[in-house]
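Numbers here are sequence positions counted from 1.
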Amino acid sequence: MAGGNHSSVTKFVLLGFTDLQELLFVIFLLIYITMLVGSLGVIVLIRTNSQLHVPMCFFLRHLSFLDICYSSSITLKLMSGLLAERNVLSFNGCITQLFFFAVFGTREAILLILMVYDRYVAIREPLRYLAAMSHGVRVQLVVGSYAAGSLNALVRTSALLRLSFCGPNLVNNFYCEIPPLLLLSCSNTQLNEMVMAACVGFIITTSVLAIVVSYACILLTIWSICSAEGRHKAFSTCTSHLVAVALFYGSAAFLYFHPFSRRAEDQGKTASVFYTMVTPMLNPFIYSLRNKEVRSTLRRATNKLLSCKYSHRSRSNQAEADITCHSGVSRRNKADT
């Protein structure tokens, strides 16, 4: 792969974060564990409860799966690098990480649109909702998002592979991504910048427009049919969703559309943390705990677990009491004898 594009570089050194590495390792580990527990919890809860086999939870389950894949493709290598003297990736490893990051990132961006569209149909056309969002339709939409993500990643990665890298090999980021890699290439990167701007610009622009317009229609519909309390609740839910969307797309836009420079690389690290770790950590809580069905199911599951635990403890205490009583009777019988 490296020989095909006449590159003399066989590996890249990810500079990442050079200060407070032990503290950052603990912080990123806590963020990753929180994301993992939250996302897996959502998947298991939806999978094991028939009440949650509804269109919105179908998309929510896929979002949680993508959050795990999306964050793991970056965070695990980052944390191992924080504990090592140098965080090194082979050329092929760097391209592989870039490809899968683009795949999962694009799929998640499209899936966020599908979730908003699901809410739009549910509120605007409640009588046609189940027919419009049937299982077959949902599967087609998710498969389409996966195919679009793979296509986008393939185009961007193929464009990068035509470049040559002659050195240096120091990537001023904590993962392999196109903007810092373009600064290291000894080839003309104009075509790559155009391809990146076209792909990312199209995805971000269409996604943001679709989400904003959909939420605007949702709020207008709710405003006309709901009480003041209902409007306040709906507005609160939409606001929390929009905050998550703004974090995801805002940090992505800053990363890709900020002018390429060494200073921009340093600022891009902060944006990348939100883009790759913070947003996946927040998604299970924002999209799940704001969902009435998920909240009620989680409450029932928690109460059932606590009830089973209390019942098991009561049986254990009763068994211990019976054993103690039996032992006392035996001792009295022996004494009488």
Side-chain angles (χ1 to χ4, degrees), residues 12-45 60 63-89 93-94 96-98 100-105 107-109 111-112 170-181 239-256 258 261-290 298:
F12 291 102
V13 178
L14 305 179
L15 298 181
F17 301 95
T18 57
D19 300 323
L20 303 174
Q21 291 183 320
E22 293 81 5
L23 176 61
L24 289 176
F25 175 83
V26 174
I27 293 174
F28 293 151
L29 178 61
L30 292 175
I31 291 176
Y32 182 74
I33 291 175
T34 303
M35 180 280 302
L36 199 61
V37 171
S39 298
L40 286 175
V42 169
I43 293 173
V44 172
L45 188 67
L60 185 57
L63 178 67
S64 298
F65 169 74
L66 287 178
D67 280 334
I68 294 174
C69 298
Y70 176 62
S71 183
S72 297
S73 66
I74 302 299
T75 309
L76 296 178
K77 181 59 180 173
L78 166 62
M79 290 191 297
S80 66
L82 289 172
L83 298 178
E85 292 185 4
R86 293 204 313 170
N87 193 5
V88 180
L89 264 180
C94 184
T96 301
Q97 185 186 60
L98 188 152
F100 282 106
F101 178 70
V103 168
F104 296 130
R107 290 174 180 177
E108 179 153 338
L111 194 61
L112 290 175
L170 303 178
V171 179
N172 190 18
N173 207 339
F174 56 86
Y175 68 102
C176 286
E177 183 54 302
I178 292 179
L181 289 177
T239 300
S240 62
H241 290 185
L242 288 174
V243 168
V245 168
L247 279 175
F248 182 81
Y249 289 108
S251 54
F254 181 88
L255 178 65
Y256 290 106
H258 203 275
S261 66
R262 300 296 174 183
R263 182 181 179 184
E265 281 184 306
D266 295 329
Q267 296 173 344
K269 291 180 186 179
T270 304
S272 296
V273 169
F274 284 94
Y275 185 49
T276 61
M277 286 182 278
V278 175
T279 301
M281 177 191 69
L282 295 177
N283 280 342
F285 303 98
I286 291 178
Y287 289 100
S288 300
L289 297 182
R290 306 295 298 191
L298 180 60

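At least one side-chain heavy atom of Leu181 sits under 4.5 Å from a side-chain heavy atom of Cys94. The shortest side-chain heavy-atom distance between Phe174 and Leu78 falls under the 4.5 Å cut-off. Side-chain contact check for Leu89 versus Tyr175: every heavy-atom pair is 4.5 Å or farther apart. Under the 4.5 Å side-chain criterion, counting only non-hydrogen atoms from C-beta, Phe17 is in contact with Val273. Under the 4.5 Å side-chain criterion, counting only non-hydrogen atoms from C-beta, Ser39 is in contact with Ile68. The shortest distance between side-chain heavy atoms of Asn173 and Ser272 falls below 4.5 Å. With a 4.5 Å cut-off on side-chain heavy atoms, Leu66 and Leu111 count as touching. Looking only at side-chain heavy atoms (C-beta outward), Tyr70 and Val103 stay at 4.5 Å or farther from each other.
Scanning for side-chain contact (heavy atoms from CB on, under 4.5 Å) contacts around Val88 gives Lys11, Val13, Arg86, with sequence neighbours left out. Legend: residues meeting side-chain hydrogen bond (donor to acceptor under 3.5 Å, both in side chains) with Asn283, ordered by chain and number and at least two apart, are Asp67, Glu108. Listed by chain and residue number, Ile43, Cys69, Tyr146 satisfy the side-chain contact (heavy atoms from CB on, under 4.5 Å) test with Phe65 (two or more places apart in sequence, or in another chain). For Phe12, the ring pair (Phe, Tyr, Trp, His ring centres under 6.0 Å) partners two or more places apart in sequence, or in a different chain, are Phe91, Phe165. Partners of Ile31 by side-chain contact (heavy atoms from CB on, under 4.5 Å), not counting sequence neighbours, listed by chain and number: Ile27, Phe28, Met277, Met281. In this structure Tyr32 satisfies the side-chain contact (heavy atoms from CB on, under 4.5 Å) test together with Met35, Leu36, Ser71, Ser72, Thr75, Leu76, Met79, sequence neighbours excluded.
Between the side chain of Gln97 and the backbone N or O of Ser73, at least one donor-acceptor pair lies under 3.5 Å. Within the 3.5 Å criterion, the main-chain N or O of Leu30 finds a donor-acceptor partner in the side chain of Thr34.
Taken from CG in Asn87 to CG in Leu82, the straight-line distance is 7.5 Å, to the nearest 0.5 Å. Interatomic distance, CZ of Arg107 versus CG of Leu112, reported as 14.5 Å (0.5 Å rounding).
A salt bridge (Lys or Arg N to Asp or Glu O under 4.0 Å) check over residues 170-181, counting only residues at least two apart or in different chains, returns the pairs Arg156-Glu177.
When the shell of 6.0 Å around CZ of Phe25 is examined, it contains more than 12 heavy atoms from other residues, nucleotides or ligands.
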